[in-house]
Structure formats: C-alpha cells, structure tokens
Amino acid sequence: GYWVIETNTHTPKLNTIYFYNTNNELVYKEKVDGVVINLKKRRVKMNLKKVLDQSVIAYNKTQKAAENEMLVINLIKH
C-alpha cells in the first residue's frame, strides 16, 4: 500500500493523511492537527509505514475503512 498527505502551506500544522492498499482502496484516513509532519525524517516515514501496515490488516479483516483512530498522532508524539 501507500499513503498520501494533504496539507496547506498556510496551515502547516493541519494535515490529512490517507492510507491506501495495493488495490487503491482507501483503508484509513486521519486528520492530524497541531503537528508539522517532517517527511525528511526517517522516523516519521517508518511510523507512517507502521500505521499503513496496521490499517491494511484491519481493512482486510473488516472490509471497512477506518477514520481518525489517532494511530498517527500517537506514534508521532512519542
């Protein structure tokens, strides 16, 4: 799968992250507010990969896309 971050230069601390499986189906979506996501940091990319893997597994079990379960924000703030 893969992830896409939607952000705005005027509000860098407000991001929406979309996670998709290999069939281009949305499996998870989360709004992250109050944190600037620095994609140049390896740790940030690895945390997004963890959330992607979790989300794809959960989607395969339920066939429902989850939303705003605080998965990303909990990993980034720790």
Side-chain angles (χ1 to χ4, degrees):
Y2 60 97
W3 44 265
V4 176
I5 297 181
E6 180 181 285
T7 189
N8 186 332
T9 56
H10 300 293
T11 55
K13 290 189 176 184
L14 179 62
N15 306 286
T16 304
I17 306 173
Y18 302 92
F19 295 90
Y20 297 91
N21 64 10
T22 54
N23 296 328
N24 300 321
E25 298 170 321
L26 181 68
V27 296
Y28 181 62
K29 171 183 164 183
E30 183 170 337
K31 286 191 178 199
V32 178
D33 194 7
V35 178
V36 176
I37 297 176
N38 186 354
L39 292 176
K40 293 179 182 175
K41 292 188 177 182
R42 185 175 190 273
R43 190 184 84 194
V44 171
K45 290 181 187 176
M46 295 306 289
N47 285 338
L48 289 172
K49 183 181 180 319
K50 284 181 192 175
V51 173
L52 174 64
D53 292 342
Q54 276 182 291
S55 301
V56 169
I57 290 169
Y59 180 81
N60 287 339
K61 289 180 183 175
T62 65
Q63 296 298 314
K64 291 182 184 175
E67 189 169 327
N68 291 326
E69 292 180 355
M70 304 295 288
L71 300 175
V72 175
I73 199 74
N74 288 336
L75 283 175
I76 289 176
K77 287 195 173 183
H78 285 116

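- Side-chain contact between Thr22 and Val56 is absent, with no heavy atoms from C-beta onward closer than 4.5 Å.
- Under the ring pair (Phe, Tyr, Trp, His ring centres under 6.0 Å) criterion, the residue pairs touching residues 20-55 are Tyr2-Tyr20, Phe19-Tyr28, with sequence neighbours excluded.
- Expressed to the nearest 0.5 Å, how far NZ of Lys45 lies from CD1 of Ile37 amounts to 13.0 Å.
- A continuous path of ILVMFWY side-chain contacts below 4.5 Å connects Ile17 to Met70, so both sit in one hydrophobic cluster.
- Hydrophobic cluster of Val36: no remaining members, since no ILVMFWY side chain lies below 4.5 Å from it.
- Annotation: side chain of Leu48 is in contact with side chain of Val72 (closest heavy-atom distance under 4.5 Å).
- Residues passing the side chain to side chain donor-acceptor pair (under 3.5 Å) test with Lys49, sequence neighbours excluded: Asp53.
- We find the NZ-CE distance between Lys41 and Met46 to be 15.5 Å, quoted to the nearest 0.5 Å.
- Applying the side chain to side chain donor-acceptor pair (under 3.5 Å) rule to Glu25 yields the partners Asn21; only residues at least two apart in sequence or on another chain are considered.
- Nearest approach of Ser55 to Leu71, heavy atoms of both residues: OG-CD1, 4.2 Å.
- Residues Leu26 and Leu52 fall into different hydrophobic clusters, defined by Ile, Leu, Val, Met, Phe, Trp and Tyr side chains chained together at heavy-atom separations under 4.5 Å.
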Counting only pairs under 3.5 Å, give me each side-chain donor-acceptor contact of residues 8-16, with atom names and distances, residues two or more places apart or in other chains.
from, atom 1, to, atom 2, distance (Å)
Asn8, OD1, His10, N, 2.9
Asn15, OD1, Thr7, OG1, 2.9
Asn15, ND2, Val35, O, 3.1

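- Residues Ile57 and Tyr18 do not share a hydrophobic cluster, clusters being chains of Ile/Leu/Val/Met/Phe/Trp/Tyr side chains in contact below 4.5 Å.
- Residue pairs meeting the ring pair (Phe, Tyr, Trp, His ring centres under 6.0 Å) criterion with at least one member in residues 30-58: none, sequence neighbours excluded.
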